[in-house]
Amino acid sequence: MNNEVRVRFAPSPTGYLHVGGLRTALYNFLFAKRNNGKFILRIEDTDRNRYVEGAVEKLIDSLKWVDLEYDEGPNKDGGFGPYFQSERLDIYQKHIDKLIEEKKAYYCFCTPERLKNLREEQQRQKLPQAKYDKKCFHLSEEEIKQKLDSGLPKVVRLNVQPNQTVAFDDIVRGHVEFNTDNIDDQILIKSDGFPTYHWANVVDDHLMKISHVIRGEEWLSSTPKHVILYNYLGWELPKFAHLPLLLNPDKSKLSKRQGDVAVEDYKDKGYLKEALVNFVALLGWNYGDDKEFYLLDEMIEKFSLERVNKAGAVFNVEKLNWLNGLHIREKSDEELLPLFKEELAKSEYATNNYDDDFLLSIISAMKERVTFVKDFIYNCKYFYEAPTTYDEKIVKKRWKDDSADLLKQFLEAVKQMKTNDKEEWEKILHEIVEKNEIGFGRLIHPVRLAVSGVGVGPGAYELLQIIGKEEVIKRIEKALAEIPKLKEQL
RNA sequence: GGCCCCAUCGUCUAACGGUUAGGACCUCGCCCUUUCACGGCGGUAAUAGGGGUUCAAAUCCCCUUGGGGUCACCA
């Protein structure tokens, strides 16, 4: 027996990677890397009714996007494959036969109708819990053989012994106990021959030598069934760690109804993978200090299951936004450039060919004041095109009686400019301010308005430099013609 | 409803018997500043309630309340 850490992320391919799934995958990944173990991806596709075209690919793409590369899994055999449960049917069958032989599991031929009636009857009697009545467990050998031969639809159920205590120790929750009276004879093999989650999961975790089962809390109440199975099979129990749930703002389990839940939604909205991962990691885990900015490698160094919280955590987008801005600011301009170009390609300016120096100068000017990479476009459209309107509030507030005259002086000075250096912009601005003996804002505000159409943005010298001499001249001439008229109307 | 899990500012969390209950997001104020931001400083804001145990309880135990999960031939 070796004690290599092997963990798995075992999603069912329902179409996309849920952010809750991302957190589960992340903790598995961090735990594996922290302990020099293996992170395995296993696809739990045992429900053929829920088959979704392309879901596995999307799942893998999302995992790849956030840099959670698996060590073993689809197209990456580590000797424990296949990693699709739908390709392991014979394995589940082989092990179930042994269980049936030992009466630890049994065939059940009850029809869905009978099951439905049974449940309804139990509800009518206000029984504390609806459970299968074990009818088929009491079938004689002959009856079973006869029904089997006749090809009746059948399932295989777990034979749960009455009134026993099933206990296990959970790394995040501690000691947990259940009484088997509250546990149903779970179906292990469905009538279509496919295993249920419970059966496939236990068999695979054992065969794939999974050392730690790290999954969402929604699995806690079915864990005793799994424990019973491990015991029946004589297999060693893995360590369990049930993670707190991710919650909607109203504290219910995070759902699509109340916002975006797919990783790709966040990607599309322009979140950085680093920010999403950082954020989701902190939903249920912290190292014990005040650090909140994390890159994947730093998390690997510090992660431990012992410091995972028990209580569910509300997925709070505002903090995610803050982290996104933080991660943008932590990246170099050069790192940001390709991300910026991606957004540009999706924008109305896609067909324009901007050179890197221009884009880099926008990044440098705007980096401190954005939340998203796409803000490099939409928060400062004046870098890409001349303003078509002027912010009325700013016109009202900043356009004074002498503004037109000052702008004219500025225009003349601009026309004389020899370079497009920041220093020269600064110089001519200051000369006009001194000559007219006015405050700096008196000139700067009208200039900003004329050139950008708005009252906010980066520093004036940078602004002018990025827009450039020729364009500044055009914009000021236009503003001179339009703003005074606008001012009159207000 | 049965079973199980959980419970510190609005939100994410720290404090693993002894702290003026700390940090972050949000929000508000001030500073920086040509604007908006960034940044800095400061404010508002929490141990769900009740019993125990203890010299001492947010922390341990019990009850109540509240929230959540789960009770499928879905995972």
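Computed from heavy atoms alone, side chains included, the values below leave out hydrogens, waters and symmetry copies. Order of the sequence lines fixes the chain letters, A, B, ..., with proteins taken first and strands second; residue numbering starts at 1 for each chain.
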* **Proximity to the side chain of A/Y461 - top-ranked nucleotide from B/C12, B/U34, B/C4** =>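 For A/Y461, the side-chain atoms sit closest to B/U34.
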* To do: For the side chain of A/A311, starting at C-beta, report the closest nucleotide among B/C4, B/U34, B/A7.
  => B/A7
* To do: Taking the side chain as every heavy atom from C-beta outward, state whether A/I40 and A/Y70 have any pair of such atoms under 4.5 Å apart.
  => no
* Does a side-chain heavy-atom distance below 4.5 Å link A/P74 with A/I43? -> yes
* **Phosphate contact (B/U13 OP1 or OP2) by A/N286 side-chain N/O below 4.0 Å** =>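 Result: no.
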* So, is A/N309 near the phosphate of B/A14, with a side-chain N or O under 4.0 Å from OP1 or OP2? ->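 Checking B/A14 against A/N309, a side-chain N or O does come within under 4.0 Å of OP1 or OP2.
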With a 3.5 angstrom cut-off on both distances, give the Watson-Crick or G-U wobble partner of [N], or none if there isn't one.
N     : answer
B/A21 : none
B/C16 : none
B/C71 : B/G1

* Structure fact -> Letter by letter from the 5' end, nucleotides 67-75 of chain B scores (B base, S sugar-phosphate only, - none; protein heavy atoms under 4.0 Å) SSSSSSBBB
* Starting at the 5' end of nucleotides 16-27 of chain B, put B wherever the base has a protein heavy atom under 4.0 Å, S where only the sugar-phosphate does, and a dash everywhere else. => -------SBSS-
* To do: Look at A/K422 together with A/E426 and state whether they make a salt bridge at an N to O cut-off of under 4.0 Å.
  =>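 Judged by the 4.0 Å cut-off on N to carboxylate O distance, A/K422 and A/E426 do not form a salt bridge.
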* Asked: Using 4.0 Å as the upper bound for N to carboxylate O, is an ion pair formed by A/K427 and A/E423?
  ->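 So A/E423 does not pair with A/K427 through a salt bridge.
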* Write out all pairs satisfying salt bridge (charged side-chain N to carboxylate O under 4.0 Å, His left out) with one or both partners inside residues 437-464 of chain A, taking only residues at least two apart or from two chains. =>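 Of all non-adjacent pairs touching residues 437-464 of chain A, those that pass salt bridge (charged side-chain N to carboxylate O under 4.0 Å, His left out) are A/D402-A/R442.
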* Sequence neighbours excluded - salt bridge (charged side-chain N to carboxylate O under 4.0 Å, His left out) pairs with any residue from residues 8-24 of chain A ->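 Every pair satisfying salt bridge (charged side-chain N to carboxylate O under 4.0 Å, His left out) with a residue in residues 8-24 of chain A: A/R8-A/D205.
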* Asked: Mind checking what makes salt bridge (charged side-chain N to carboxylate O under 4.0 Å, His left out) contact with A/K331, not counting sequence neighbours?
  -> A/E274
* Asked: A/H242 pairs by side chain to side chain donor-acceptor pair (under 3.5 Å) with which of A/R173, A/E218, A/R215?
  ->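 The option that passes is A/R215.
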* Asked: Would you say the side chain of A/R369 and the base of B/C36 hold a donor-acceptor pair, judged only by whether the two atoms sit under 3.5 Å apart?
  -> yes
When the side chains of residues 257-264 of chain A are checked against the rest of the protein, which donor-acceptor pairs come out under 3.5 Å, sequence neighbours left out?
unit_1, atom_1, unit_2, atom_2, d
A/Q258, NE2, A/D250, OD2, 3.0
A/D260, OD2, A/K269, NZ, 2.8

* Asked: Quantified in whole Å, what is the C1' atom distance between nucleotide B/A15 and nucleotide B/G23?
  ->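 It comes out at 11 Å once rounded to the nearest Å.
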* If the P atom of B/U65 is compared with that of B/G29, how far apart are they to the nearest Å? ->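 Taking atom P in both B/U65 and B/G29, they lie 43 Å apart.
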